[in-house]
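Report on the structure given below.
In what follows, chains carry the letters A, B, and so on, assigned in the order in which the sequence lines appear, proteins first and then strands, with residues in each chain numbered from 1.
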Protein chains: 2
Amino acid sequence: MFSKACEYGIKATIYIAVRSNEDKRVSLKGIANHIDSPEAFTAKILQMLARENIILSVRGINGGFEIEKSRLEHIKLADIVKAIDGDNIYKGCGLGLSECNELHPCPVHFEFKKVRDDLRELLETTNLKSLAMDVSSGVSFLRI
Amino acid sequence: MFSKACEYGIKATIYIAVRSNEDKRVSLKGIANHIDSPEAFTAKILQMLARENIILSVRGINGGFEIEKSRLEHIKLADIVKAIDGDNIYKGCGLGLSECNELHPCPVHFEFKKVRDDLRELLETTNLKSLAMDVSSGVSFLRI
DNA sequence: TTTTATTCGGACAAAAAAGTCCTATTTTGG
DNA sequence: CCAAAATAGGACTTTTTTGTCCGAATAAAA
Ligand code: FES
Ligand code: FES
């Protein structure tokens, strides 16, 4: 469904959100440990997210990653997915035709489109704050 | 969503179904042309599908691929996807946790599960015959 | 000012997915 | 039987994804 990079990106961002909500900044090492991801690879993904202004990175001692608290509920899962995997999952044809086009549909188009639109809806409406709250309260988990 | 191999596999199988429904057997070359896929790579995928008894392969002159007409409506998209990509798309966690478990859910589990189950439903209920009919009647297309 | 803890970024390495090529095998028509 | 036409399958190559390493840049603390 999502690439590994995107999975790590989502989990990392949620973890940063959890800690930012407690006014804590978190280091790469802390992130990689909490989401159980390869550290150096995670660094690359965090760089992408920082360049896209989804997270904020701070260099030097006591540096790390954070997200402005007030933005938490405005950042959607879709922002992260789009930054890492692009929007093919929303827009692309499920059978790989060059474009998904109602007027030239592939055999699964009409059924597939529903599922894809539900996924898009999910990603576009789910915000970081609620995801972070669930993790904080032990309702959901980022690893194992 | 699906691997390239799986996309080719689905399209190839639908095309074989179209022709089988007209009591024709079709060659690798014919398939690759009609679904616009790399021939040698498509051959590998057809071998997999033949080993899984989803399609029937016939060697030698006038050989090719076919599907028993009476089976067309009993073969589901899910059979093809499972044979090529496995069942991770049905069963796996959307964020890559080692397993998708209600009792230890990832942050997107409850929303994601709905979409995933809809996809599973779609794949498990869509049969080859109806897909082939749509292509035959010009309602849907296998290439471009 | 120096040391230390941190991210950044480029180059590299490994693994997986996608794709190619060639020979062997099978089948049928001549 | 022999030649031709087809799939089977193993070895190989290319591309993409995933992952590692290390030095440079930065910022705070000592
Ligand atoms: S054309 Fe294939 S999903 Fe729309
Ligand atoms: S635990 Fe992640 S989708 Fe179920």
Handout entry: Sugar-phosphate, base or nothing in reach of B/Arg51, heavy atoms under 4.0 Å
Key = sugar-phosphate
Exercise for the section: Decide whether A/Leu77 and B/Leu97 are clustered together by the hydrophobic rule: side chain heavy atoms of Ile, Leu, Val, Met, Phe, Trp, Tyr closer than 4.5 Å, transitively. Expected result: no
Exercise for the section: Kindly work out whether a path of hydrophobic side-chain contacts (I/L/V/M/F/W/Y, heavy atoms less than 4.5 Å apart) joins A/Phe141 to B/Val108. Expected result: no
Exercise for the section: Check A/Ser98 against B/Ile144 and note the closest heavy-atom contact, atom names and distance. Expected result: OG-C, 3.6 Å
Problem - Range on DNA chain C touched by chain A - first to last nucleotide, heavy-atom distance under 4.0 Å - result: C/dT4 to C/dA11
Problem - Heavy-atom side-chain proximity of B/Val18 to B/Glu22 below 4.5 angstrom - result: yes
Problem - B/Ile45 with B/Leu56, same ILVMFWY side-chain cluster at under 4.5 Å - result: no
Fill in the blank from the handout: Within residues 7-18 of chain B, the residues having a heavy atom closer than 4.0 Å to DNA chain C are B/Tyr8
Exercise for the section: Using atom NZ of B/Lys29 as one end and atom C1' of D/dT7 as the other, report the distance to the nearest whole Å. Expected result: 12 Å
Handout entry: Comparing B/Lys4 and A/Leu46 on DNA chain C - which has the more 5′ nearest nucleotide
Key = A/Leu46
Fill in the blank from the handout: Here the distance between atom P of D/dA6 and atom CD of B/Glu66, to the nearest Å, is 15 Å
Completion exercise
Nearest heavy-atom contact between A/Ala83 and A/Glu52 is CB-CG, 3.8 Å
Practice task
Round to the nearest Å and state the distance from A/Gln47 atom CD to D/dG19 atom P.
Solution key: 16 Å
Handout entry: Polar side-chain atom of A/Asn21 near backbone of A/Lys129 as donor-acceptor pair, under 3.5 Å
Key = no
Fill in the blank from the handout: Sorted by chain and number, sequence neighbours left out, side-chain hydrogen bond (donor to acceptor under 3.5 Å, both in side chains) with B/Thr42 holds for B/Ser37
Exercise for the section: May I ask you to verify if any side-chain N or O of B/Ser57 is less than 4.0 angstrom from the OP1 or OP2 atom of D/dA8? Expected result: yes
Exercise for the section: Determine, using the 4.5 Å side-chain heavy-atom cutoff (strictly less than), whether A/Leu95 and B/Met133 are members of one ILVMFWY cluster. Expected result: no
Handout entry: Side-chain heavy atoms of A/Leu131 within contact of A/Asn127, under 4.5 Å
Key = no
Practice task
Give, ordered by number, those residues of residues 83-100 of chain B having at least one heavy-atom distance below 4.0 Å to an atom of DNA chain D; if nothing qualifies, reply none.
Solution key: none
Exercise for the section: Give me the ring orientation class for B/Phe112 and A/Phe2: parallel if the planes are under 30° apart, tilted from 30 to 60°, perpendicular past 60°. Expected result: tilted
Handout entry: Heavy-atom protein contacts under 4.0 Å, nucleotides 20-30 of chain D, coded B base, S sugar-phosphate only, - none
Key = B----BBBSS-
Problem - Side-chain heavy atoms of A/Leu122 within contact of B/Glu111, under 4.5 Å - result: yes
Fill in the blank from the handout: Sequence neighbours excluded, the answer for side-chain hydrogen bond (donor to acceptor under 3.5 Å, both in side chains) partners of B/Arg25 is B/Glu66
